[in-house]
Amino acid sequence: MCGIVGYAGSRQAGPILLDGLARLEYRGYDSAGVAVLSPGGGLCVKKTKGRLSALNELTDSGRALDGVIGVGHTRWATHGEPNDVNSHPHVGENGRIAVVHNGIIENYAEIKKFLRQKGLTFQSDTDTEVVAQLLEYYLSGGEDLISAVYKVLHRIEGAYALGILCADTPDSFVAARKDAPLIIGYGGNCNFIASDVTAIIKYTHEVSYMDDGEVAVVTKDSVEVYDALRRRVEKPRHTVDWDVSDAEKGGYEHFMFKEIMEQPEALRATIYPRVKDGRVVFEELKIGEEYIRKLKKIYIAACGSSYHVGMIGKYNLERLTRIPTETVLASELRYSDPLIDKDTLVIVISQSGETLDSMAALREAKSRGARILSIVNVVGSSIARESDDVVYTHAGPEIAVATTKAYSTQLAVLNMLGVYFAGLLGKMEPEQYDEIVAELRLLPEKAARVLADTERIKYLASRCFNHESVFYIGRNLDYALGLEGSLKLKEISYIHSEAYAAGELKHGTISLIEPGTLVVALCTYLPLFDKAMSNVVEVISRGASVVALTAEGRAGELSGTVEPENILTVPETHPVLEPSLGIIPLQLFAYYIALQRGCDIDKPRNLAKSVTVE
Ligand code: F6R
C-alpha cells in the first residue's frame, strides 16, 4: 500500500527518491510521483499513473530534478481512480506546499466543502489534496509552517503518514504520523523518512520509529521530533540487523521464489534460539506460568495468510493446551462485540505489523482488558509496539506480495507457543513433548528436502495451469492448510480456487465437481488419512482430476486411486507440525502455475503487501 520516502542531504534528491520508491514497489501501487525543493525557490513536482518506469522516463531517473531535498510516493488508489492528477504529491493552490500521504483522511469531504466556501479550487478526487490546501489556507492566514501543520493535524481525522515540502522552508521537510507506518533514517550527513526500512537500507541502518501524533522536522544535519502537544521528543535509535542484499533478488527470477527457498533458513532462525536443553523457551515473554494458568480463553486475530496460520493455531493450541481457542478475522473482530475480557489472551499475527484491520482488532481487544501477544516479522512495527508481548519471527524482509517464509515462521512460532503453554500447564506427556520438540528442530532440514523436489512440482504445474477453477480439500489441519494453498494460487495466478473442509463437500459443494474439475486433495494429517481418502474417492468417482499431497510413507495407499505422477509427498513429522511442510509444495505449485500463465508474480494485480487501510 502507498509508499513514502523523503530525503534531505547534499546529494541530488531525485535519483535517491526514485531508488527508494523502487524498493517500495513491492507494497503495491498504481501511480507514483516526486517533489523536490528547487535551489532557486519553489517546488518541482512530477507524477504519473502507472509503473515507476514511467516516472523514471519523465524525470530521467530523477536526474532531471534539481534539488537536494524532496519526497516521493507510490500510490495505491483509494479515493479517486489511478490517474496522473490523483497521483501524489498534491500541491496547494498557491504552489507553496507539496504533500505525500499514506492512509485515509476520513473527514476530507467536510474539509473540502469548507475550503471551497473559502474560494479554493481542487484538482483531484483524492482525500489527500485537502491536506495540502488546508496547509496553504493556514499559511496564508499568517501561520508558520509547523503551526499550520499542527492545526491541520488537529482538524483531520483518519490515518496518515505525511511528507510535506514547503517552498518557504527550503532547508527542511516535515513528516507526521498517525496509524500509518513511518520511520526516520539517520544517514550521517543526510536524513530520511520512509514507509519501511527497505527504502533506505542502502544508505543507513540507523532508524527511529515515529509514534502516533508525532511530527518531525528533517534537515540534512538534524531531525527534530515533537509530540502531539508540540513538546520535543528524544527518539530512541535502532540498528537494523539485515542488509541491502536481503531485500534484493540475489539471482532469482522472482522474490517469491527466493523467499520460498529461504524457508529452511528462516525456520532455523526462528526455531533454534527458542529451544534450549530440549525445552521450548520464550525469553522475550513477560507473561509467566501464573498468568497462563488463569487463562480462560485465547483469541487469535489476523488477516489473510496470517489468519490461516491462526486457523492452524486454533486446532493446535486447543489440542495441546486444552484452553478454548477462537480464531477470528481481524476485520470482523472489531465489529462483533467479542467475548474478550481480562482473562483472555489475544494473539495478533502480522508479518508487516502494520495491517490496519489487525491493529484495530488489537486495540478493540485491549480496550476490553485483554493482554495482547503479537507474532510479528517487522521489528519496531506498530502492532509490535502496541502489544504487551511480542514474539518476532526471524524471516528477514519479505518483498513478494504473496507471503511464504513469513507464513512458515509465524506457524512455527504459534506451534511453539502451544507447546510452551502446554508444557507449563503440564498438559503433555513427557514423550509427546520431547517428540514435538525434536521434530520442531528437524523442520528446517525436512523443509530443505521438500525444496529439493521442485522439478516434480513444476512438471505437475505444467499440466494444471490451464484450469480455471480449483478446489482444495482436506480435514482438520489439512483444511486450514488448504485455505492457504488456495489463497496462494488465486492471488498470484488469478485462477478461481476455493478451500473446503472435505467432510463438508457433500453438503453442497460437490455439485460443482464434474469431469475434469481439478481438486487438490490434502492428506497430510495422518490421524484422518482414511477419512481424507474416502473424500478423494468421492470426487474421483464424479470425474475430478485429483492432485494429492501426503506424507512420504503413505503415497502407496493413494496410488491405486490417484495417478502416481499426481501424488506429491512431504517427509513425515509430528501430526501437529505437518502443515509446516505441507505448505511448501502448495506454494511452489501456485508459483509455477502463475509462471506458466505469465502473471506478475511478485506484484499481483490489485494487491498490496501491507494493507494500511480498512
Ligand atoms: C497473502 C498475504 C496477505 C497477508 C495479509 C496480512 O499472501 O500476504 O493475505 O497475509 O494481508 O498481512 P500481515 O501479515 O502483514 O498483517
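Heavy atoms only: backbone and side chains are in, while hydrogens, waters and symmetry mates are out. Order of listing sets the numbers, starting from 1, for every ligand and every atom in it. This is a predicted model, so every value here is computed, not measured.
Protein residues lining ligand 1, listed by chain and number: C303, G304, S305, S306, S350, Q351, S352, T355, V401, A402, T403, L487, K488, E491 [non-hydrogen atoms, distance under 4.0 Å].
Defined by atom type and a distance below 3.5 Å, a donor-acceptor pair is missing between the side-chain atoms of T74 and E25. A donor-acceptor contact closer than 3.5 angstrom is absent between the side chains of E318 and T325.
Residues passing the side chain to side chain donor-acceptor pair (under 3.5 Å) test with T509, sequence neighbours excluded: Y500. Here R449 pairs with K446, E552, P571 under the side chain to side chain contact (heavy atoms under 4.5 Å, CB included) rule; sequence neighbours left out. Applying the side chain to side chain donor-acceptor pair (under 3.5 Å) rule to D212 yields the partners R177, R363; only residues at least two apart in sequence or on another chain are considered.
Of the possible donor and acceptor atoms, none in the side chain of D388 sits under 3.5 Å from a partner among the backbone N and O of R371.
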